[in-house]
Trainee: 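Have a look at the structure that comes next, please.
Whatever order the structure lists them in is the order used to number ligands and atoms, beginning at 1. When a residue number appears, it is its place in the shown sequence, counting from 1.
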Amino acid sequence: MITLALSKGRIYDDSLPLLAAAGIEVRDDPERTRKLILATNRPDLRVVLVRATDVPTYVQHGGADLGVAGLDVLLEHGAEAGNAGGSTGLYRPLDLGIARCRLSVATREDFDYASAVRQGSRIRVATKYTQAARAHFAAKGVHVDLIKLYGSMELAPLTGLADAIVDLVSTGGTLKANRLVEVERIMDVSARLVVNAAALKVKREPLRALIDAFEAAVANGAGTP
Ligand code: PRT
Ligand code: MG
């Protein structure tokens, strides 16, 4: 049996066309069932639904053989695992090009980020992405006090909790609705296929075939809308 870890929402939705292109159909709709293990048209393949941030944990520890996770999630997970940039036991073979967004710095419209940076001021930055943020500001030589949040980062500059946030942006609608402006793009983000390294040895043939099928689907543009 091969177990594929996905998270509900955009990762699942964007993965479906890639799965279809690889000849895989999921038997249940995650929005309509409370099941966490979903069968597919392949008797040897099942999908497990986990939180987006738990996908690398499942794959790393063998709760799933492979999974789909955003680069943002992988970078933060790697840092927590004490291994910035990548995690032991996690093989990252493929950029799926789905769930695309960017990690950016945003501030209130009336905060002069450029001059704060130029003057070498200490900037208070609220974010869920502390690892990526720390690396970014360290590389720029900008002094920051990082404030870890778990959600609704947009609120931080509006309440005076922070001068800036580091958050994911796709349409920019959320920033705009909260009168924030994107002042710096840190990196482009997309979802990656991750595979348990030990499983890749034990279940080599079927996992290789699956990775190849995903690769072909990506190359044929199945993941791009
Ligand atoms: O929502 P939950 O707490 O369960 O978990 P999650 O937020 O980790 O999962 P989910 O499904 O929201 O995101 C899964 C992955 O999708 C992320 O890890 C990213 O790699 C990717 N992704 C792509 C995004 C976005 N686009 C995105 N726009 N993840 C989050 N957002 C959020 C962003 O944080 C901000 O609040 O959407 C808002 C901005 O969107 P715009 O369109 O208004 O700019
Ligand atoms: Mg979310």
Trainee: Is it true that Ala99 lies under 4.0 Å from ligand 1, counting heavy atoms only?
Mentor: yes
Trainee: Can a non-hydrogen atom of Ser7 be found less than 4.0 Å from any atom of ligand 1?
Mentor: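 Heavy atoms of Ser7 never come under 4.0 Å of ligand 1.
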Trainee: Under 4.5 Å between any side-chain heavy atoms of Val55 and Val73, yes or no?
Mentor: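 Side-chain contact under 4.5 Å: no.
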Trainee: Side chain, backbone, both or neither: which part of Leu71 comes within less than 4.0 Å of ligand 1 when only heavy atoms are counted?
Mentor: neither
Trainee: What part of Met153 sits under 4.0 Å from ligand 1 if we count only heavy atoms: the side chain, the backbone, both or neither?
Mentor: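 Neither; nothing of Met153 gets under 4.0 Å from ligand 1.
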Trainee: With a 6.0 Å cut-off (strictly less than), is the heavy-atom count around CZ of Arg42, excluding the residue itself, greater than 12?
Mentor: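 Result for CZ/Arg42: enclosed.
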Trainee: Mark up the atoms of ligand 1 that fall under 4.0 Å of a heavy atom belonging to Gly173, in ascending order.
Mentor: 43 (O), 44 (O)
Trainee: Identify, by atom number and element, the atoms of ligand 1 in contact range of Val189, meaning under 4.0 Å from any of its heavy atoms.
Mentor: 20 (O)
Trainee: Non-hydrogen atoms of Cys101 versus ligand 1: any pair closer than 4.0 Å?
Mentor: yes
Trainee: Just distances here: any N/O of Arg51 and N/O of ligand 1 closer than 3.5 Å?
Mentor: yes
Trainee: Is Arg124 paired with Asp163 through a side-chain N to carboxylate O contact shorter than 4.0 Å?
Mentor: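 Here Asp163 pairs with Arg124 in a salt bridge, since their nearest N and O are under 4.0 Å apart.
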Trainee: With heavy atoms of Glu154 as the reference, note each atom of ligand 1 found under 4.0 Å away.
Mentor: 35 (C), 36 (O)
Trainee: Show which atoms of ligand 1 fall inside a sub-4.0 Å distance from at least one heavy-atom site of Gly70.
Mentor: 20 (O)
Trainee: Of all the atoms in ligand 1, which lie at a distance below 4.0 Å from a heavy atom belonging to Asp72?
Mentor: 17 (C), 18 (O), 19 (C), 20 (O)
Trainee: If hydrophobic clusters are built from ILVMFWY residues whose side chains come within less than 4.5 Å, do Val183 and Ile165 share one?
Mentor: yes
Trainee: Near Thr171, which atoms of ligand 1 are under 4.0 Å from a heavy atom of that residue?
Mentor: 41 (P), 42 (O), 43 (O), 44 (O)
Trainee: Side-chain contact, heavy-atom cut-off 4.5 Å: Glu76 with Thr53?
Mentor: no
Trainee: Any idea which atoms of ligand 1 are less than 4.0 Å away from a heavy-atom of Val169?
Mentor: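 Contacts of ligand 1 toward Val169, numbered from 1: 44 (O).
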Trainee: Would you tell me which option among Arg102, Lys8, Arg10 has the nearest heavy-atom contact to atom 13 (O) of ligand 1?
Mentor: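 The nearest heavy atom belongs to Arg10.
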Trainee: Can we say Arg192 and Asp95 salt-bridge, meaning some charged N sits less than 4.0 Å from an Asp/Glu carboxylate O?
Mentor: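 The answer is yes: the pair qualifies as a salt bridge.
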Trainee: Consider side chain to side chain contact (heavy atoms under 4.5 Å, CB included). Of Val189, Asp167, Leu146, which one does Tyr129 pass it with?
Mentor: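 That would be Asp167; it is the only one of Val189, Asp167, Leu146 passing the side chain to side chain contact (heavy atoms under 4.5 Å, CB included) with Tyr129.
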Trainee: Is the count of non-hydrogen atoms from other residues, nucleotides or ligands lying under 6.0 Å from Arg102 atom CZ greater than 12?
Mentor: yes
Trainee: With heavy-atom distances below 4.5 Å as the criterion, would you say the side chains of His77 and Leu90 are in contact?
Mentor: yes
Trainee: Sub-3.5 Å donor-acceptor pair from the side chain of Asp29 to the main-chain atoms of Glu31, do we have one?
Mentor: yes
Trainee: Report the part of Ser170 (side chain from C-beta onward, or backbone N, CA, C, O) that has a heavy atom under 4.0 Å from ligand 1; answer both or neither where that applies.
Mentor: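 For Ser170, the contact with ligand 1 is made by both the backbone and the side chain.
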Trainee: Atoms of ligand 1 less than 4.0 Å from Val73 heavy atoms?
Mentor: 18 (O)
